[in-house]
Amino acid sequence: MRISLRQLSVFLSVARHQSYTRAAEELNLTQPAVFTQVKQLEDSLGVTLLDRIGKRMQPTDAGRVVVEGARETLDAVGRMEMRLADMRGLREGRLTLAIVSTAQYFLPRLLGQFCDANPGIEVALTVTNRQAVLARLAASEDDLCILGTPPEGLDVVARAIADNPLVLIARPDHPLAGEVNIPPERVAREPFLLRERGSGTRLTVERFFRARGLTLPMRMELGSNEAIKQAVIGGLGLGALSRDTLALEGTTGALKVLDVAGFPLLRQWQVAYPRGKHLSVVAQAFLDHLVAHARQAVEAGPTIARIAKEAAQE
Ligand code: PGA
């Protein structure tokens, strides 16, 4: 039997997403390449691993056994690599991170500083939405995860590292753009652009309005922060975004932060890992780096500071 670690990790990704396409996106591979890896694994093991049920690829009974075995194998290899890397200290090693899409606006800066100081370290960074990061956190797939709010319902260690306010945005010529202290009821009458289900941004904003007995009239669902911004600029409606996603637009004046009562929603960026997980020397060093520098990195951009100040003053 000739099976490879690569095949096992590709299969795990397909099983987790129940989709070849989503796994290909996550792994940065083409869909046929993912399909081939799974097929080769099936051929080597002599079993069918996945059943197509509607649009979903679900593990068969044999597939579930292989999911379990693949997790144990990859964990064991990961632990072995970690012990060896620990022996070498920070000179070399691997850091795997999963971050929510809103964190991509500040995290790379922190990662850049860390990698400059520790050039031997190889980093794998997964950028996805909250639901997917929570699934990875539950399966202990990464050294550290970064989320926009604390993870709920998981036995994890989570530390707040910086403020993560959520703001409502409009085009500068929108009728609400010049108003102050806008009641949430007024906002809930406007067409709204929401992130996809599973997004922490969407969850937070929907919770705020639901707590007031309001439902946002969704004009369109969009799968990324950038798509939300472009749709707001295009005049399709209002949007909700983590303030840290607005670093660039602050300079061009293409977007306006609305002064809505109750906003910005105050949240904190969180770094999390499963309770009891042994952190490698590299992961611990990066965690320390985040705790020491995240606040400063988040507040660093002069434009970000300006947007926040404007929102507070108007
Ligand atoms: P997300 O970000 O919307 O990309 O899931 C999470 C968050 O900011 O809470």
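Below, all heavy atoms of this structure are taken into account, side chains as well, without hydrogens, waters or symmetry copies. Start at 1 and go down the list; that is how both ligands and their atoms are numbered.
Not counting sequence neighbours, Arg56 has no partner by the salt bridge (Lys or Arg N to Asp or Glu O under 4.0 Å) test. With sequence neighbours excluded, the residues forming a side chain to side chain contact (heavy atoms under 4.5 Å, CB included) with Arg186 are Leu176, Ile182, Pro183, Arg189, Glu190, listed by chain and number.
With respect to Ser101, the side-chain hydrogen bond (donor to acceptor under 3.5 Å, both in side chains) criterion is satisfied by exactly one of Asn225, Thr201, Thr128, Asn129: Asn225.
Side-chain atoms of Ser280 and Arg94 form no donor-acceptor pair, as typed in the model, at a separation below 3.5 Å.
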Determine all donor-acceptor pairs shorter than 3.5 Å in which one atom belongs to a side chain in residues 212-222; sequence neighbours excluded.
unit_1 : atom_1 : unit_2 : atom_2 : d
Arg212 : NH1    : Phe208 : O      : 2.7
Arg219 : NH1    : Leu236 : O      : 3.0
Glu221 : OE1    : Arg202 : NH1    : 2.8

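Between Trp269 and Phe106, the ring-plane angle classifies as tilted under the 30° and 60° cut-offs.
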Just the distances, no angles: every ligand 1 N or O to protein N or O pair closer than 3.5 Å, one line each.
unit_1   : atom_1 : unit_2 : atom_2 : d
ligand 1 : 2 (O)  : Thr102 : OG1    : 2.9
ligand 1 : 3 (O)  : Arg195 : NH1    : 3.1
ligand 1 : 3 (O)  : Ser199 : OG     : 2.7
ligand 1 : 3 (O)  : Gly200 : N      : 3.2
ligand 1 : 3 (O)  : Thr201 : N      : 3.0
ligand 1 : 3 (O)  : Thr201 : OG1    : 2.6
ligand 1 : 4 (O)  : Ser101 : N      : 3.3
ligand 1 : 4 (O)  : Ser101 : OG     : 2.6
ligand 1 : 4 (O)  : Arg195 : NH1    : 3.3
ligand 1 : 4 (O)  : Arg195 : NH2    : 3.0
ligand 1 : 5 (O)  : Arg130 : N      : 2.8
ligand 1 : 5 (O)  : Gly200 : N      : 2.7
ligand 1 : 8 (O)  : Thr102 : OG1    : 2.8
ligand 1 : 8 (O)  : Arg267 : NH2    : 3.0
ligand 1 : 9 (O)  : Arg267 : NH1    : 2.9

